[in-house]
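Labels below follow one simple rule: chain letters A, B, ... track the order of the sequence lines, proteins then strands, and each chain is numbered from 1.
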Amino acid sequence: MDEAPGLSDQYRTASPWPVFVALGIPISELGLLFGLFPLAVGGLLLFCGSIAGMLKESGYVESTIRSLVVLSAILFAFGGALAFTEINLVTRGYATIAAAALLLVGGVAFELFVWDNKQAI
Amino acid sequence: MATKTFDKDTILDLTVNMVPLAIILFFVVAFAVVNPFGFESLASGLQYTLLIAPFVLLAVLTYLSGKAIAGSEKSDTVYPPGQATVPGVGPLHEEEEKAEAALEESADADAEETAE
Amino acid sequence: MEVNGQLALTVLMGVFLITVAAWLARIEDWRSYTPLAGGGAVGGTKEQYVSEEKPSGLIRWLTTVDHKDIGMLYGVYSLIAFAVGGLMVVAMRIELADPSMTLLSNTFYNSLLTSHGITMLFLFGTPIIAAFSNYFIPLLIGADDMAFPRINAIAFWLLPPGALLIWAGFFPIPDIIPAQTAWTMYTPLSAGVGSGNQMNAGVDLMLLGLHLTGVSATMGAINFIATIFTERNEKVTWANLDIFSWTILTQSGLILFAFPLLGSAILMLLLDRNFGTAFFSVDGGAILWQHLFWFFGHPEVYILVLPPMGIVSLVLPRFAGRRLFGFKFVVYSTLAIGVLSFGVWAHHMFATGIDPRLRASFMAVSLAIAIPSAVKTFNWITTMWNGNIRLTTPMLFCIGFVSNFIIGGVTGVFLASIPIDLILHDTYYVVGHFHYIVMGAIAFAGFAGLYYWFPIYTGRMYQTTLGKWHFWLSMIGTNLTFFVMVLLGYGGMPRRYATYLPQFATMHQLATVGALILLVGQMIFVWNFVQSWLEGPKVEDGDPWDLGEDNLTTAEWTWFERKLQTAVTDGGEEEEAELATDGGETVTDADDE
């Protein structure tokens, strides 16, 4: 059955990222609102990682590492603002900074190791 | 006159939005004439802003949408709404003529029936 | 204890993230994206995943970015929410059969009241509209898909977590109780001030859930605006855009201006509750919340009602055998409603003691906005006038819509008038009025759409007799329940109470009977819907409603016709069919379906 007559074959009708972007938002919100450190870190990682994956998938960016660096910079700034300014929400600030650091490390690791593997194949 | 975007038909279509505009205008005048609560710059200013802002926005949107619709009526073939890509459906004016012809036919048939 | 909890949460989160990453690595080949050109696959997974159009099974639904699949997900989601919200209110109505507190505690009644409202407006009303618009707007305007398919998927997937958070208080989680703030969340109650129990985290969870649904609606709206502006087929100009797309475009505009405001107000409230800010606790904070909330809240009413009006404007003429009377009147009045809906919000606040001059202005615009709605009503009636009416189930629901909308609308016009509002404010009259719109009109148009397009999205036909039963039980139930509420309001029965004076008992019992009739009707609907989907007769004609006879076929039915024609036979492969054609025989693809 032709689900979409007249549609090009190359048109992608599936992507794994949106559901994780959507999960990342509530998890990180819950973590940040109630000050639950692991939830905040995990949710932010999930959210930013999925965003980076989706940007790459849809061809808006060429390298995953660059979008990860930008996202991690945003998180660093936000976390810094929470932890070290008058807002003074230290736990939440550190959680955001931790997420930013992990994102950066993950991005570099991904770039170094996963990329090599693929080349080898 | 044919080059004008807002011909008689379009203006007739737009009358539907002129009614609420007229109602708002009526209240602007009414509140100016009958003013039981007195004048106080902040409250009265807000009072008129709350009437004039929707009035202006509605007028602008009506103008823009009228222009967009009448403009594409001029520049492209007009099909019946939602049926532009349906095979076998011709431009709107042909469809309307067909419908009118069918109506007349049935009216004739009715007339014959009553004559009998 | 504290540390153990943190540790457990960390482990849980870590395991979850690793699972996600592993799963992603399995189905996705991160390095081989070839968004524009084909064939660049490395390894087998990618091949399976993309070259066939969709993955199979559950994965298909979790990963889909196809507008039709997302439309189906929205539909299933909103019908589940409708069932939840409906059962909540059945419990409330049974409690109200008796004047005193019998079945439910007063606090539980308040919890149900809050959740019923939020569920029906945000988890049923908005998503059911998105179900139709996702599935049919691209088909109606001749687009391949939505402008941003992935954002579309994100918008949907925000909703299930939103629903879970909104209902979180009802789940057996220790120390969390359901919110009892009513859907308007008026401060200071919702700010947790005072000796009540609304400082509970259940309220925070509800606010977060509501925030998520707001983000979801905004993302959807941006997508629809972009799609309708940029993705139209070149033959589909502004002059021949269908009415449903017009209403969705207007609705999306309203969402774009209204929902971010709700989001901000909710964040402010969350900050007040958790981080000691004072947005709503200072002098005038309570009225500030009402202004912010209703500046969103009133456009929300039109966000919910405009697309159903579009569905009725689309479906009703098809069964009246003629085109919509005064099509452009309906378009322009839709736009007028869109603009004016932002100028009427304080008519919900006439009784708060705001400046009488402001009140007068809000009354004026509220009266003006009645005109475009009335114009539509007259257009529907004149469309039917002398038409060749076929009373199919979707048509019955459309006529029911018009009938209920007239009662709901006229009761509303009276409320727009300040002196009458001051008497009827906070009584069951208001409840009756808006339920005539929300249930009698919006839900009815939803059913009209569900039945009208049933052949397209299921490939089958529903059972017509059960459809008629569903309609008549809904129509009688709606009018019984909500007309009695209008009368109760005249009698002075205040809204939102679990108990009442014995003098109102008869009326309340009638309303409960009406609600039970509605329940029976909806059970028939669920049965009909599920059974017909699984076992109904297959539709083999691309025009099951015979729209072609009156030359009223719209684009989505042409698409359906083509889909049926290109259907591959059950046993065979596509290639075989082609071979047969090459051999000189004419093959009608659909004949042995």
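- The closest side-chain heavy-atom distance from C:Ile456 to C:Tyr135 is below 4.5 Å.
- Taking 4.5 Å as the limit, every side-chain heavy atom of C:Thr213 sits out of range of all side-chain heavy atoms of C:Leu158.
- Heavy-atom neighbours of chain C within the stretch residues 85-98 of chain A, taken at a separation under 4.5 angstrom, comprise A:Leu89, A:Arg92.
- Looking only at side-chain heavy atoms (C-beta outward), A:Pro18 and C:Val65 come within less than 4.5 Å of each other.
- Of the two parts of C:Phe156, neither the backbone nor the side chain holds a non-hydrogen atom closer than 4.5 Å to a non-hydrogen atom of chain A.
- For chain A, the nearby part of C:Leu17 is the side chain; its heavy atoms alone come within less than 4.5 Å.
- Using a 4.5 Å heavy-atom cutoff, the side chains of C:Glu540 and C:Leu564 are not in contact.
- Heavy-atom distances place the side chain of A:Leu45, and not its backbone, under 4.5 Å from chain C.
- Looking at heavy atoms from C-beta onward, A:Arg66 lies out of side-chain contact with A:Val61 at the 4.5 angstrom threshold.
- Looking at heavy atoms from C-beta onward, C:Leu267 lies in side-chain contact with C:Leu270 at the 4.5 angstrom threshold.
- Looking at C:Tyr74 and C:Leu159, their side chains come closer than 4.5 Å, going by heavy atoms from C-beta outward.
- Scanning all heavy atoms of the two residues, the minimum distance from A:Phe20 to A:Ser50 falls at CB-OG, 3.2 Å.
- Both the backbone and the side chain of A:Phe37 come within contact range of chain C, judged by heavy atoms closer than 4.5 Å.
- Residues C:Met13 and A:Gly43 come closest through the heavy atom pair CE-N, 3.9 Å.
- Inter-residue side-chain proximity for A:Glu111 and A:Leu68 is flagged as unmet; no heavy-atom pair is nearer than 4.5 Å.
- Within the 4.5 angstrom heavy-atom criterion, only side-chain atoms of C:Leu165, from C-beta onward, approach chain A.
- A:Leu103 and A:Cys48 make their closest contact through CD2-CB, 3.4 Å (heavy atoms, listed as atom of the first residue, atom of the second, distance).
- Between the side chain of C:Asn223 and the backbone N or O of C:Phe148 there is at least one donor-acceptor pair closer than 3.5 Å.
- Of all residues spanning residues 21-30 of chain A, those with a heavy atom less than 4.5 Å away from chain C's heavy atoms are A:Val21, A:Ala22, A:Leu23, A:Ile25, A:Pro26, A:Ile27, A:Glu29, A:Leu30, arranged by number.
- For a residue to count as touching a neighbouring chain, one of its non-hydrogen atoms must lie under 4.5 Å from one of that chain's; by this rule C:Leu208 touches chain A with backbone and side chain alike.
- Closest heavy-atom contact between A:Trp17 and C:Leu24: CZ3-CD1, 3.4 Å.
- In terms of heavy-atom pairs under 4.5 Å with chain A, the best-connected choice from C:Leu62, C:Val20, C:Asn274 is C:Val20.
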